[in-house]
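I have placed the structure first, in the form of structure tokens, so that the comments after it can refer back to it.
Numbering starts at 1 and runs along the sequence shown. Because the structure is a prediction, the values reported are computed rather than measured.
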Amino acid sequence: MSANDLLNSGNAAFSRGDYAGALVFYRRALEEVRGDPDLLVDLYGNLGNVYGVTGQTDAAIKCYKAAVDLLRRKEDYGKLGMTFVNIGNLYADRGDAPQAIQFYKQGLVLLEREERNEDLITLYGNLSLLSLQRSDKDAALDYAEKGVSLAKRIRNPSRLADALHRLAKAKQAKGTRWEALRLSESAYVIYASLKDEMGCAATLYHQAGLFEEEGRIEAAIRALAQVVAIDEKYNLPKLGENRARLRRLEEKLKGSGH
């Protein structure tokens, strides 16, 4: 098989969740490449994806950095920006916020330059979340607002829902709970119209927390019960945790005499 055929076979394996198979095809393709920089970039990027999704962070970073070297020589700034973001995501996942921000900001400069708007909205959301984790509420709000503004400008409902969800979290951190709830509900409406159940679950989970903070336990129970139903439908990892939280809320309501 040619390197291109092996790459395509690896992509097919990756798409169906066969990461071990994808890795075999990509490695074989790497052995067959004959100095084609475009193919090498794709292979290093895809290898990085496989290593990333299987938790082999160091190997993933090494592959992405190999792609970075090639992309710099090719002056492909859009792909280079996204590769920086991929590296940033890996550092963020393992809790290394300073390194994550360093790579995110390198990606940000390039994606803004290339007007990669959909990718930018996701990156603004990532930066907002990371800023919240570092207790930088002002930066979190700024990035989240940029994401919403851009999503509205390009009229992308899915990206707008994501951006509104991030902004809701930033508003909560700034202490404006009523505004956070309004934004979260707006995001939910969009997710529901798109039949995006994972998005619905994320916003409902956030709303449950907001309602609980306000002492609106019945509303919190209604929101969390919907989250648990989605967890059960897809057997999601937080099912047990969310069931336990729902029981705690129900016991709290009973204890209050309602």
Side-chain angles (χ1 to χ4, degrees), residues 15-17 53 85 89 92-93 116-133 140-250 252-253 258:
S15 296
R16 62 177 180 265
V53 81
V85 172
N89 290 340
D93 287 344
R116 295 279 292 264
N117 292 328
E118 293 189 7
D119 295 326
L120 271 172
I121 293 164
T122 300
L123 179 53
Y124 287 139
N126 290 353
L127 280 162
S128 180
L129 181 61
L130 203 57
S131 297
L132 282 180
Q133 292 172 359
L141 184 61
D142 182 56
Y143 285 125
E145 286 176 337
K146 284 180 178 177
V148 169
S149 177
L150 185 54
K152 286 179 176 177
R153 180 157 65 83
I154 68 172
R155 299 181 181 181
N156 184 312
S158 177
R159 300 293 187 185
L160 178 57
D162 293 342
L164 288 169
H165 179 52
R166 292 293 181 220
L167 183 56
K169 290 191 171 185
K171 288 289 187 180
Q172 180 187 16
K174 292 288 285 184
T176 51
R177 199 159 46 227
W178 65 270
E179 194 170 1
L181 184 58
R182 178 183 63 81
L183 290 162
S184 183
E185 289 172 340
S186 296
Y188 173 81
V189 168
I190 299 172
Y191 282 132
S193 71
L194 297 171
K195 296 182 170 55
D196 181 344
E197 291 184 286
M198 296 304 108
C200 288
T203 52
L204 287 165
Y205 184 87
H206 186 213
Q207 289 167 34
L210 290 167
F211 287 134
E212 187 175 7
E213 284 181 12
E214 291 182 344
R216 298 168 62 186
I217 305 304
E218 287 184 80
I221 288 171
R222 285 195 297 272
L224 194 57
Q226 294 178 74
V227 175
V228 168
I230 295 170
D231 288 345
E232 289 172 341
K233 181 176 179 180
Y234 296 101
N235 195 28
L236 297 179
K238 285 196 171 184
L239 173 58
E241 178 184 326
N242 289 336
R243 277 176 173 164
R245 184 182 175 195
L246 182 59
R247 285 195 297 270
R248 179 178 60 78
L249 286 172
E250 289 169 341
K252 186 174 183 180
L253 184 65
H258 288 79

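- Side chain of S149 to backbone of E145: no donor-acceptor contact under 3.5 angstrom is found.
- Across A202 and H165, no two heavy atoms sit closer than the pair O-CE1, 3.6 Å.
- Nearest approach of C200 to I230, heavy atoms of both residues: CB-CD1, 4.4 Å.
- Atom CG of L204 and atom CD of Q226 lie 5.0 Å apart (nearest 0.5 Å).
- A208 approaches A220 most closely through the heavy-atom pair O-CB, 3.5 Å.
- With rounding to the nearest 0.5 Å, the separation of CG in D162 from CD in E118 is 10.5 Å.
- Looking at E179 and R182, a side-chain N of the basic residue comes within less than 4.0 Å of a carboxylate O on the acidic one, giving a salt bridge.
- Rounded to the nearest 0.5 Å, atoms CG (L141) and NZ (K169) are 15.0 Å apart.
- Between L181 and F211, the closest side-chain pair of non-hydrogen atoms falls below 4.5 Å.
- In this structure, the separation between CD on Q172 and CG on L132 is 9.0 Å, given to the nearest 0.5 Å.
- Across L164 and A187, no two heavy atoms sit closer than the pair CB-CB, 3.9 Å.
- Between L236 and M198, some side-chain heavy-atom pair lies under the 4.5 Å cut-off.
- Contact annotation: the side chain of L150 never approaches that of K146 to less than 4.5 Å [non-hydrogen atoms, C-beta and beyond].
- No donor-acceptor contact under 3.5 angstrom links the side chains of N126 and Y143, judged on distance only.
- Here CD1 of I217 is found 11.0 Å from CG of L224. Values are rounded to the nearest 0.5 Å.
- Using a 3.5 Å distance cut-off with no hydrogens or angles, the side chains of Y191 and E197 do not pair a donor with an acceptor.
- No side-chain heavy atom of K171 sits less than 4.5 Å from a side-chain heavy atom of R177.
- Under a 4.0 Å N-O distance rule, the pair E212/R245 qualifies as a salt bridge.
- Side-chain contact between D119 and V85 is absent, with no heavy-atom pair separated by less than 4.5 Å.
- Of all the heavy atoms in S128 and A140, the pair that sits closest is OG-O, 2.7 Å.
- Contact check for I154 versus I121: side-chain heavy atoms found under the 4.5 Å cut-off.
- To the nearest 0.5 Å, atoms CG (L249) and CG (N242) are separated by 10.5 Å.
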